[in-house]
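The chain is numbered in sequence order, starting from 1. Predicted model only: the values in this text are computed from it and were never measured. Worth knowing before you read on, the calculation uses all heavy atoms, side chains too, and leaves out hydrogens, waters and symmetry mates.
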Amino acid sequence: MQRREWLGACAGAALLPAARAAMPQPEITLRFSHVVAEETPKGLAANRFKVLLEQRSSGRIGVQVFPNAQLYGDSDEMRALQLGAVDLVAPSLSKFGRIGLPEFELFDLPFLFDDLSAVRRITLGPLGQRLLQGLERQGLVGLGYFDNGFKQMSANRPLLEPKDFVGLRMRVQASQVIAAQMRALGARPVTLAFSETRQALASGVVDGTENPVSNFWTQGMHQVQSDVSLTNHGYLGYAVVTNQRLWQSLARTERGLINQALQEALGFANQIADTQNDKALAALRQTSSVHIHRPTPEQRQRLRQAVQPVQQQLASRLGQRYIKDLQAALNKG
């Protein structure tokens, strides 16, 4: 499938089947900014939320979606939200660490989750809700979590063993956990905004990165990276957050409409995350310039062993309480 055809098919999935009637001018307009393409799970969820909320409010509440870092990128979207320059953002969970909430970096621990049901035991349980409540310390309101699935490694060579990483400059999000993971593998972590990553790969500023396949494909990274290794080593999820002042200014009925539409949109995103990654992987397999690699169980175990110290490093920063609560929640499964 050609990339243009694939993008068109995905974009159509964000629309509801019923035709949209003409809407009046909205009384409230919410600005929703995010940094990825519209054809990713996050982009499709944002568009789904827009359609649902505008329909269910009979056009009284409008949503403007700004994808692909059109307004703000990784480095400034959280500050823009705190200042009221935008109304909704959906940052990756890694980004909360740098605004004084390092406990969200629990989600970045490598080889932590075996599958998405394990993720749900955190996000839908007491620990996940406690993390969202902690956003109030920064004047934010957490409205919910959703997935982009599991991350894979990419470079211009296979990355299947710890020795394969030695000396590489690997782009990472601003997460101490992810940076420690790369150092444990022998690579040098380089923190860059997502919107800058493809160009950095193309110019050789960095040698590789980690991403769900849907991000790798929709950002055109396959045009500048020759090898994708299906390591499934880490989880990438998001939280939708809003400004506390804005949230408190809304009427209860308005908050209810927003919450209802958002929860349905997030459920939709969770349902399609695997599908979007599978579609992207199928498209990559048809791209002759890209080579797909899958580590053997023995190779994956060696990767897992190499990054074991990262959990203890996080425990020393957060305290053992979070690690114990995390393990207790996972063990319930």
Side-chain angles (χ1 to χ4, degrees), residues 34-46 67-69 73-74 77-78 89-98 101-124 128 131 142 144-154 159 170-182 189 191-198 208-219 221 225 228-241 266 268-281 284 303 307 310 314 326:
H34 66 82
V35 303
V36 298
E38 290 186 279
E39 300 80 23
T40 60
K42 185 192 293 190
L44 293 172
N68 266 327
D74 281 336
E77 66 173 356
M78 298 288 279
V89 297
S92 64
L93 300 171
S94 306
K95 294 178 187 173
F96 294 108
R98 66 186 180 195
L101 297 161
E103 56 268 30
F104 277 89
E105 292 183 24
L106 289 165
F107 291 99
D108 292 334
L109 286 169
F111 298 101
L112 177 66
F113 301 112
D114 292 329
D115 51 36
L116 290 175
S117 66
V119 176
R120 299 283 183 277
R121 292 198 288 276
I122 306 302
T123 57
L124 299 181
L131 295 176
Y145 297 97
F146 66 109
D147 305 324
N148 199 359
F150 288 93
K151 295 183 288 186
Q152 321 302 338
M153 295 289 189
S154 72
L159 298 177
M170 297 292 289
R171 178 267 171 181
V172 299
Q173 299 189 68
S175 162
Q176 292 190 48
V177 167
I178 298 176
Q181 164 196 278
M182 293 303 184
T191 302
L192 287 174
F194 181 72
S195 59
E196 299 171 6
T197 300
R198 186 193 180 281
T209 187
E210 58 169 18
N211 265 300
V213 179
S214 62
N215 279 359
F216 185 84
W217 172 255
T218 57
Q219 292 295 313
M221 294 181 195
Q225 294 264 270
V228 175
S229 299
L230 303 178
T231 49
N232 274 345
H233 63 279
Y235 165 75
L236 180 61
Y238 309 106
V240 178
V241 292
L266 299 188
F268 167 74
N270 286 340
Q271 289 174 2
I272 66 169
D274 279 348
T275 300
Q276 296 303 96
N277 283 313
D278 288 344
K279 286 181 179 179
L281 183 58
L284 285 174
L303 292 172
V307 298
V310 176
L314 181 61
L326 176 68

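Panel note: side chain Glu105, backbone Val177; a donor-acceptor pair is recorded below 3.5 Å. Remark: the backbone N or O of Glu39 is paired with a side-chain donor or acceptor of Gln276 at under 3.5 angstrom. Judged purely by atom type and a 3.5 angstrom limit, Asp108 has no side-chain atom pairing as donor or acceptor with the backbone of Ile178. Side chain of Asn270 to backbone of Asp147: a donor-acceptor contact under 3.5 angstrom is found. A side-chain donor-acceptor contact under 3.5 Å links Gln152 to the backbone of Asn232.
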Please walk me through it: do Ile122 and Leu106 pass side-chain contact (heavy atoms from CB on, under 4.5 Å)? CA-CA 10 Å; Ile122 306 302; Leu106 289 165; over 6 Å; no
Apply the test side-chain contact (heavy atoms from CB on, under 4.5 Å) to residues Glu210 and Met170: give CA-CA distance (whole Å), side-chain angles for both, the deciding distance (0.1 Å), then the verdict. CA-CA 8 Å; Glu210 58 169 18; Met170 297 292 289; 5.7 Å; no
Test Leu112 against Phe107 for side-chain contact (heavy atoms from CB on, under 4.5 Å), laying out the working first. CA-CA 8 Å; Leu112 177 66; Phe107 291 99; over 6 Å; no
Should Thr197 and Gln219 be marked as a side-chain hydrogen bond (donor to acceptor under 3.5 Å, both in side chains) after you check the CA-CA gap, both sets of side-chain angles, and the distance that decides it? CA-CA 9 Å; Thr197 300; Gln219 292 295 313; over 6 Å; no
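Judged purely by distance below 3.5 Å, without hydrogens or angles, the side chains of Asn148 and Thr40 never pair a donor atom with an acceptor atom. Counting only N and O atoms by type, the side chains of Gln225 and Ser154 include a donor and acceptor under 3.5 Å apart.
Phe113 and Tyr235 have perpendicular rings, their planes meeting at more than 60° on a 0 to 90° scale where under 30° would count as parallel.
When all heavy atoms are compared, the tightest approach of Met78 to Pro91 is SD-CG, 3.5 Å. Among all heavy-atom pairs drawn from Ile272 and Leu44, the shortest one is CD1-CD1, 3.4 Å. Nearest approach of Phe146 to Ala45, heavy atoms of both residues: CE1-CB, 4.3 Å. Scanning all heavy atoms of the two residues, the minimum distance from Gln181 to Val307 falls at O-CG1, 3.9 Å. Heavy atoms only, all atoms of each residue included: Val36 and Gly43 are closest at CG2-N, 4.3 Å. Considering every non-hydrogen atom in both Ala273 and Pro41, the closest pair reads CA-CG, 3.8 Å.
To the nearest 0.5 Å, atoms CG (Leu159) and CG (Leu303) are separated by 9.0 Å. In this structure, Ser214 OG and Lys42 NZ are separated by 10.5 Å, a value rounded to the nearest 0.5 Å. Rounding to the nearest 0.5 Å gives a distance of 11.0 Å between CH2 of Trp217 and CG of Leu281. Within the model, atoms CZ of Arg171 and CG of Asn211 stand 6.5 Å from one another, a figure rounded to the nearest 0.5 Å. Atom NZ of residue Lys151 and atom OG1 of residue Thr209 lie 9.0 Å apart, to the nearest 0.5 angstrom. Rounded to the nearest 0.5 Å, atoms OH (Tyr145) and CG (Leu93) are 7.0 Å apart.
Here Asp115 does not pair with Arg121 in a salt bridge; the nearest charged N to carboxylate O distance is not below 4.0 Å.
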